Amino acid sequence: MIKRILIGMIEDEIMMAVMEGDRLVELHLEEMDNESITGNIFLGKVENPVSSLDASFVNIGKSKNAFLRNKDLVKGIRKLKKTDKGEVLLEKGDKIIVQVKKDPIGSKGPQVTTNIGIAGRYIVYMPYSANIGVSKKIENPAERKRLHDFMSELVTDDGVIVRTVAKNIDLQIIKEEFETLKVKWNEVFKNFQRFKKPRELYTESDILEHIMREKYDSTVDEVITNSRDLHSRLEKILGNFEKKTVKGKLRYWNEDIFEVYKVNSQLEDLYKRTIELECGGSLVVDRTEAFTIIDINSGSNVNKSKSRDMALETNVQAAKEVVRQVRLRNLSGIIIVDFIDMEEENDNLTVLKVLEEEFKKDKAKTAIMGFTKLGLVEMTRKRSSPPLEELLFEDCPVCKGDGLVLAPKRILKMISSEMSTAANMTDITEVEINVHWSLSGFMSKEWREDMESVSNKKINIEFSRKDPNGYDIKFKK
């Protein structure tokens, strides 16, 4: 299966699509003047330690204070005190260095940590950690040992996480990156010691470089762009990544690549609540503030003589589509999937295995908890950026995001009630009613004549109201 990354510019926005074969599996939209501060490092001042939250609010020089949980504090940041309960606490006015984990959302400020990590192509340098970690997605034991042993000899008082793309990479290249990241950190820390007021000390890399660093790896067969400017920048970025393997992978194509590879048509999946499966089943995606629920239905895939086969077939297809939808919509946090009930434990294990294999293609960290006693699969996915729907959609001005409007029958009953009252208004001879056009099929000529008979008034109806939640009524003498 050929894996492609398509990159183009739409006005001042970079659009990147990840294709596996002819299937769209990821979509990323980044404005060139992107205001994301995730990964940026700040000098902060503690504004308000809140013991009941086991956290502190920290002024980092932005409009909203950052939220720092006590469990995100690490030793070495400053002289930290401990309570009798063993909790590490900060005091108001403390100067502290923090890194943004999550961008601000709504009324919430950014979430920060003192466990600093400066990301490179192959490693993440962590000055306040003493651990050497290797990505779990590097499964070969010999390769894991090679990388771990090398970093253990290289690193002294700090920590490192070896990223998945470091697999089979020359150790000298990794060493050079380690030294570069360490120089960056030393410069950041000098500025932290030098300044007193909250300020930004380190900014994440250029948006395009960041995107490619996170999404480009050895599994990518082609990178295609229809922008000369982006092609020039990508050539430089990818050349710095892997000089030997990049050659021939980057192409410029003077066409609408998102139309050629049918990205635009597949974007319709993002608008749908129900996604149809090839076997006849379907899955329904509902996102709430606390978690995302995905319900699997058998639909037309029904075979009474082979009900076990039907359930397993539908669930396996659904498991693959669940992962695609999670990646495509960039869902995160708690995700619950209600698969079709299966009686055999081995069938449950088969579905979990499919989920695990499919999520190996995903860069985001995911943990699958397995089936609960109620037959639900629980999983969590790390949030690195907002869900795609927050970038594409806004709440409906009518239903305010609830997805509900008043039923036509309810509005008609309310109007009928007013017409009954109007019958006693002797000084009124005419009534004007304005409703949404969706009621045109209900307010027929017969309905109007009935209302005129009830109220003994002439009724004029208009269908120009913009809001379907109600009606406008005027009484005329």
Side-chain angles (χ1 to χ4, degrees), residues 1-3 17-27 137 139 219 261-263 265-288 290-381 387-389 403:
M1 182 185 296
I2 295 177
K3 183 175 179 179
V18 179
M19 307 290 295
E20 291 177 357
D22 59 356
R23 299 269 283 172
L24 174 66
V25 294
E26 290 185 37
L27 183 73
K137 293 187 178 181
E139 297 179 339
T219 65
Y261 286 98
K262 297 181 173 58
V263 172
S265 61
Q266 293 188 58
L267 282 179
E268 293 179 7
D269 284 352
L270 288 169
Y271 315 145
K272 297 177 182 176
R273 178 172 174 254
T274 302
I275 308 298
E276 302 296 332
L277 301 173
E278 290 182 4
C279 66
S282 63
L283 55 90
V284 180
V285 183
D286 285 310
R287 183 170 167 262
T288 72
F291 47 79
T292 300
I293 305 169
I294 303 177
D295 184 36
I296 313 303
N297 299 311
S298 59
S300 61
N301 187 21
V302 179
N303 187 333
K304 293 183 179 179
S305 62
K306 297 182 179 180
S307 59
R308 177 190 171 187
D309 292 344
M310 177 277 295
L312 181 59
E313 177 191 25
T314 303
N315 284 341
V316 166
Q317 277 196 26
K320 294 178 180 179
E321 186 61 28
V322 162
V323 177
R324 175 176 176 257
Q325 290 298 322
V326 167
R327 294 173 64 191
L328 185 58
R329 300 177 188 226
N330 196 24
L331 301 175
S332 58
I334 300 171
I335 301 170
I336 297 175
V337 186
D338 185 7
F339 286 101
I340 299 170
D341 290 339
M342 297 179 292
E343 297 180 0
E344 298 291 333
E345 180 63 25
N346 286 339
D347 292 348
N348 285 350
L349 296 176
T350 297
V351 171
L352 291 177
K353 184 67 175 176
V354 171
L355 285 173
E356 290 170 358
E357 289 299 316
E358 290 297 311
F359 270 121
K360 286 181 180 179
K361 304 172 186 176
D362 186 17
K363 295 289 185 181
K365 184 178 180 181
T366 304
I368 301 173
M369 310 304 178
F371 280 89
T372 67
K373 291 181 179 179
L374 295 176
L376 307 173
V377 171
E378 292 180 339
M379 64 180 79
T380 60
R381 186 172 184 260
L388 197 57
E389 69 175 46

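Just so it is clear, the structure is predicted and the values come from calculations on it, not from any experiment.
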Which donor-acceptor pairs under 3.5 Å do the side chains of residues 335-349 make with protein atoms, sequence neighbours left out?
unit_1, atom_1, unit_2, atom_2, d
Asp347, OD1, Arg308, NH2, 3.0
Asp347, OD2, Arg308, NE, 2.8

For residues 371-380, run the donor-acceptor check on the side chains, cut-off 3.5 Å, and write out each pair with its distance to 0.1 Å, sequence neighbours left out.
unit_1, atom_1, unit_2, atom_2, d
Thr372, OG1, Leu374, N, 3.2
Thr372, OG1, Leu376, N, 3.2
Thr372, OG1, Leu376, O, 3.4

Extract all donor-acceptor atom pairs below 3.5 Å that involve side chains of residues 290-297 and protein atoms in other chains or at least two apart in sequence.
none

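Going from atom CD of Gln325 over to atom CG of Leu331 covers 8.0 Å, rounded to the nearest 0.5 Å. Rounded to the nearest 0.5 angstrom, Gln317 CD and Cys279 SG are separated by 4.0 Å. From Met369, atom CE reaches atom CD1 of Ile334 across 8.5 Å, with rounding to the nearest 0.5 Å. Between Ser282 atom OG and Arg273 atom CZ the span is 10.0 Å, to the nearest 0.5 Å. Taking CD from Glu313 and CG from Leu277, the interatomic distance works out to 9.5 Å, rounded to the nearest 0.5 Å. Separation of atoms CD1 (Ile275) and CG (Leu283) is listed at 6.0 Å; rounding is to 0.5 Å.
A donor-acceptor pair under 3.5 Å links the side-chain atoms of Gln266 to the main chain of Leu24, judged by distance alone. Panel note: side chain Arg329, backbone Arg324; no donor-acceptor pair is recorded below 3.5 Å.
Residues meeting the salt bridge (charged side-chain N to carboxylate O under 4.0 Å, His left out) test with Glu276, sequence neighbours left out: none. For Lys3, the side-chain hydrogen bond (donor to acceptor under 3.5 Å, both in side chains) test picks out Thr219, with sequence neighbours left out. Under the salt bridge (charged side-chain N to carboxylate O under 4.0 Å, His left out) criterion, Glu20 pairs with Arg327, Lys361, not counting sequence neighbours.
Looking at Glu321 and Arg23, a side-chain N of the basic residue comes within less than 4.0 Å of a carboxylate O on the acidic one, giving a salt bridge. Between Lys262 and Asp22 there is no salt bridge, since no side-chain N of the basic residue sits under 4.0 Å from a carboxylate O of the acidic one. The residues Lys360 and Glu356 are annotated as not salt-bridged, no charged nitrogen and carboxylate oxygen being separated by less than 4.0 angstrom.
The environment of Lys363 atom NZ is dense: over 12 non-hydrogen atoms of other residues, nucleotides or ligands sit within 6.0 angstrom.
In terms of heavy-atom proximity, Thr314 sits nearest to Ser298 at CG2-CA, 4.3 Å.
Contact of the Val25 side chain with the Met19 side chain is not registered, since no non-hydrogen atoms from C-beta on lie closer than 4.5 Å.
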